[in-house]
Structure formats: C-alpha cells, structure tokens
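Chain naming here is simple, since letters A, B, ... match the order of the sequence lines and numbering starts at 1 in each.
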2 protein chains.
Amino acid sequence: MAEHTFSISELAREFDVTTRTIRFYEDQGLLEPQRAGQRRIYSRRDRVRLMLILRGKRIGLSLLEIRELFDLYDAASNDEPQLREFIRILSRKEQQLQEQLDDIRVVLGEIGQIRSQCEKALGKQAS
Amino acid sequence: MAEHTFSISELAREFDVTTRTIRFYEDQGLLEPQRAGQRRIYSRRDRVRLMLILRGKRIGLSLLEIRELFDLYDAASNDEPQLREFIRILSRKEQQLQEQLDDIRVVLGEIGQIRSQCEKALGKQAS
DNA sequence: ATTGACGTTGACGTAAACGTCAAGTTATTG
DNA sequence: CAATAACTTGACGTTTACGTCAACGTCAAT
C-alpha cells in the first residue's frame with residue numbers, strides 16, 4: 001500500500017488556503033508533517049487534520065480551542081480524568097453550538113420576513 | 001408617555017459588555033445616542049440596535065457587515081435599487097447561515113458519537 | 001468644599017489569524 | 001549548467017475588536 005502523501009501546495013490548492021496558512025497551523029502545533037530534508041511531507045492523517053481544523057474554524061472555534069481538542073483527543077485513550085475532561089469540553093461546546101444554532105434560526109426567520117416585505121413592496125416578483 | 005432612556009453603564013450591565021465596547025460601536029457608526037451636554041443618552045431604539053449588534057456578532061457578522069445592514073435598512077424604504085441590494089445581501093447571508101448550520105449539525109452529531117464512545121469506555125454512567 | 005460615582009475624550013496596547021516581502025535552498029528540466 | 005519552479009525560514013505588516021491607562025468634567029451627597 002503505497003502511502004499517498006501530499007506537498008504543501010497540493011493541500012493549499014485542495015482546501016483553498018495559502019501555504020502560509022498551513023505553515024502557520026504548524027507553528028501553532030496543529031500539524032506535524034514529516035520532513036524530507038527541509039520539505040514538508042503531509043500524510044493522509046495530516047490531511048484529515050487540516051480538514052478538521054477548517055471545519056472547526058467554520059463553526060467558530062479558535063485555533064487554540066482546536067488545538068486543545070486535538071491534544072485531548074490524542075491523550076484521551078489512556079487516562080480516565082483526561083477522558084472526563086474531554087467529555088466536559090465537548091458538552092460545553094455542544095451547548096454553545098446549540099445556542100448559536102438557535103440564534104441562526106431566529107435570524108433566518110427574520111430575514112425571511114423582511115425579504116418578503118421587500119418583495120411585496122417591489123411588486124411581488126419571485127426571488 | 002415618559003420615553004424611558006438609559007445610561008451607558010445601564011446598557012453595559014444589562015448586556016454584559018463594557019462601556020468601552022458601547023462607545024466603540026458608536027465610533028463605528030453603529031449607534032448614535034443623543035447627548036445631554038457630554039453625556040450619552042440611549043433611547044429604546046438605541047437599546048434595540050445594541051441587541052441587534054450583539055446578536056449579529058453571535059452569528060458571526062463583523063461590525064462592518066452589521067453597519068452595512070443597518071445603513072441599507074435605514075435607506076431601503078425610499079429607493080428601489082437599494083431595496084434590491086438589500087434583498088441580495090440578505091439572500092447571500094441566508095445561504096451562508098444555512099451552510100454554517102449544516103456544519104454545526106455535522107459537528108454536533110460527531111460530538112455525540114465521540115461522547116458516547118467515551119462514556120462507554122468509562123463504564124456507561126449517564127452524563 | 002471635597003469626596004466619590006459616573007462620565008468624557010484621546011492615545012496607545014493587544015491578541016488572533018494570517019499577509020507580505022526578503023533572501024536563501026533544492027529539484028528538475030530544457 | 002543555467003534557469004525556473006517549488007520550497008524554506010524569518011521578520012515585519014495588517015485588520016478586527018476591543019482593553020487599558022491618563023487626564024479631565026460633573027453632579028449629588030456628606
């Protein structure tokens with residue numbers, strides 16, 4: 001099985017971020033690609049991590065929070081208090097996300113109302 | 001009807017922000033309270049605006065975006081192209097919010113799975 | 001009249017998340 | 001072998017959203 005790897009610019013293109021961004025994530029301890037000399041070699045695991053970072057960002061996590069989650073997840077398999085802490089953080093974040101989701105629903109509803117008022121005022125063409 | 005008004009620190013307490021934050025929003029053109037000499041006097045309309053600002057922030061709008069929405073909303077009653085632009089912006093934002101909402105649902109699902117695995121590993125006590 | 005609470009305007013500082021050079025290294029390809 | 005493309009580190013710049021003084025005004029109460 002010929003372990004497929006990626007260069008930094010391949011990943012940059014695929015996820016539409018700059019190479020600078022990817023190196024920055026490494027500085028922050030979010031990625032640890034292997035090296036071939038100087039050059040960074042990204043495994044599929046690194047690629048998955050990058051996906052997780054970007055999804056984390058989309059839902060409003062800071063890079064620091066993402067890193068804490070990674071660290072906990074990596075360490076959690078062994079230690080019981082670690083596992084409990086992990087659960088605690090996840091529960092807290094779940095609650096925050098739920099509140100955010102409620103906010104979004106409210107705003108979506110209001111946008112819908114305002115828009116239909118606007119469209120009515122313009123002579124009821126469909127959007 | 002004795003138009004109730006608010007001081008800056010009343011609003012700060014109510015919404016759990018600092019007075020610095022409220023003055024900053026004014027600098028950015030998001031609030032325009034009246035003055036009694038130097039002092040700022042906030043009407044109920046100002047209070048509503050502050051609520052909208054904070055909700056906008058919670059769903060991930062920048063202060064600039066919030067301001068653009070305010071400006072458009074204020075100007076939209078008159079002008080037809082303004083109204084159309086307003087609708088366009090709202091549609092775009094609605095789509096972004098919908099995507100964000102989908103992301104959140106995915107992550108909530110994953111958190112649920114991970115957590116139940118963790119709990120199983122700890123001997124299935126309820127959370 | 002002074003103390004204290006509350007308010008004001010600057011001006012500068014800060015953290016996060018990168019962008020933007022600069023200056024050098026390695027690899028390959030015509 | 002020289003040019004070009006892709007990569008490297010390092011340092012400084014930038015934007016957003018405030019925090020943090022400093023220095024002063026004002027008003028009610030003691």
Side-chain angles (χ1 to χ4, degrees), chain A residues 4-43 46-47 49-71 89 93 96 100 103, chain B residues 4-43 46-47 49-71 89 93 96 100 103:
Chain A
H4 190 22
T5 61
F6 311 85
S7 78
I8 192 168
S9 47
E10 278 170 0
L11 288 185
R13 261 191 303 279
E14 177 173 1
F15 293 105
D16 195 32
V17 296
T18 67
T19 59
R20 175 71 180 88
T21 297
I22 294 177
R23 288 193 203 98
F24 179 70
Y25 292 160
E26 185 176 341
D27 281 352
Q28 305 304 304
L30 292 169
L31 294 171
E32 302 178 43
Q34 286 186 283
R35 299 292 180 119
Q38 297 242 71
R39 302 200 166 182
R40 292 163 172 87
I41 306 292
Y42 296 88
S43 67
D46 294 320
R47 186 169 162 280
R49 286 235 167 183
L50 181 53
M51 284 179 47
L52 291 176
I53 295 169
L54 297 176
R55 188 159 67 203
K57 288 201 53 185
R58 283 203 302 278
I59 65 170
L61 297 179
S62 71
L63 296 184
L64 185 60
E65 289 175 311
I66 293 170
R67 186 192 168 158
E68 286 169 4
L69 287 179
F70 279 175
D71 289 351
I89 292 186
K93 188 51 73 178
Q96 284 178 25
Q100 200 181 341
D103 275 333
Chain B
H4 189 24
T5 60
F6 310 85
S7 78
I8 192 167
S9 47
E10 279 170 0
L11 288 185
R13 261 191 302 280
E14 178 174 359
F15 293 105
D16 195 31
V17 297
T18 66
T19 60
R20 175 69 180 90
T21 297
I22 295 177
R23 288 192 203 97
F24 180 70
Y25 292 161
E26 184 175 342
D27 281 352
Q28 305 304 303
L30 292 170
L31 295 171
E32 303 178 43
Q34 288 186 283
R35 299 290 180 120
Q38 298 244 69
R39 304 208 165 175
R40 292 164 170 85
I41 306 293
Y42 295 88
S43 67
D46 294 319
R47 186 169 162 281
R49 286 237 166 181
L50 181 53
M51 283 179 49
L52 291 177
I53 295 169
L54 297 176
R55 188 159 66 204
K57 288 200 55 187
R58 282 203 301 277
I59 66 171
L61 298 178
S62 72
L63 296 183
L64 184 60
E65 288 175 312
I66 294 170
R67 192 202 161 149
E68 287 169 5
L69 287 179
F70 279 174
D71 289 353
I89 291 186
K93 187 52 71 176
Q96 284 178 25
Q100 199 181 342
D103 275 333

Contacts of B/Arg39 meeting side-chain hydrogen bond (donor to acceptor under 3.5 Å, both in side chains) (sequence neighbours excluded), chain-then-number -> none

B/Ile8 side-chain proximity, nearest of D/dC18, C/dA17, C/dT8: C/dT8

Atom pairs, protein N/O to nucleotides 25-29 of chain D N/O, distance under 3.5 Å:
{"unit_1": "D/dG25", "atom_1": "N2", "unit_2": "B/Arg39", "atom_2": "NH2", "d": "2.9"}

Tell me the interatomic distance from A/Glu10, atom CD, to D/dA5, atom P, rounded to whole angstroms. 18 Å

Under a 4.0 Å heavy-atom cutoff, the residues of residues 14-22 of chain A touching DNA chain C are A/Thr18, A/Arg20, A/Thr21

Selection: residues 23-36 of chain B, any non-hydrogen atom under 4.0 Å of DNA chain D: B/Phe24, B/Tyr25

So salt bridge (charged side-chain N to carboxylate O under 4.0 Å, His left out) across residues 9-22 of chain B, not counting sequence neighbours, yields B/Glu14-B/Arg47

Is there side-chain contact between B/Phe24 and B/Thr19, with heavy atoms separated by less than 4.5 Å? no

Would you tell me if any nitrogen or oxygen in the side chain of B/Ser7 comes within less than 4.0 Å of OP1 or OP2 on C/dC6? no

A/Ser9 (side chain) donor-acceptor with A/Ala12 (main chain) under 3.5 angstrom: no

Distance from B/Tyr25 atom OH to B/Asp46 atom CG, nearest 0.5 Å? 14.5 Å

The criterion is ring pair (Phe, Tyr, Trp, His ring centres under 6.0 Å); which residues satisfy it with A/Phe6, sequence neighbours excluded? A/His4

Rounded to the Å, how far apart are A/Arg58 CZ and C/dA17 P? 16 Å

My understanding is that only residues two or more places apart in sequence, or in another chain, count here; which of them pass side chain to side chain contact (heavy atoms under 4.5 Å, CB included) with A/Arg40? A/Ile8, A/Arg23, A/Glu26, A/Pro33, A/Arg35, A/Tyr42

Considering residues at least two apart in sequence or located in another chain, which fulfil the side chain to side chain contact (heavy atoms under 4.5 Å, CB included) criterion with A/Leu64? A/Ser62, A/Glu68

Nearest whole Å is fine: how far is D/dT16 C1' from B/Lys57 NZ? 9 Å

Report the residues that fulfil salt bridge (charged side-chain N to carboxylate O under 4.0 Å, His left out) with B/Glu65, sequence neighbours left out, ordered by chain and then residue number. B/Lys93

Distance in angstrom units between A/Ile41 CD1 and D/dT8 P, rounded: 9 Å

By side chain to side chain contact (heavy atoms under 4.5 Å, CB included), B/Arg49 pairs with (sequence neighbours left out) B/Leu31, B/Arg45, B/Phe70, B/Asp74

Interatomic distance where CG belongs to B/Leu54 and P belongs to D/dA17 [whole Å]: 13 Å

Whole-Å gap separating P (C/dA16) and CG (A/Leu64): 7 Å

Could you list the residues that satisfy side chain to side chain contact (heavy atoms under 4.5 Å, CB included) with A/Arg67, not counting sequence neighbours? A/Leu30, A/Asp71

Given D/dT9, D/dC7, C/dT8, the nucleotide with the shortest approach to the side chain of A/Arg40: D/dT9

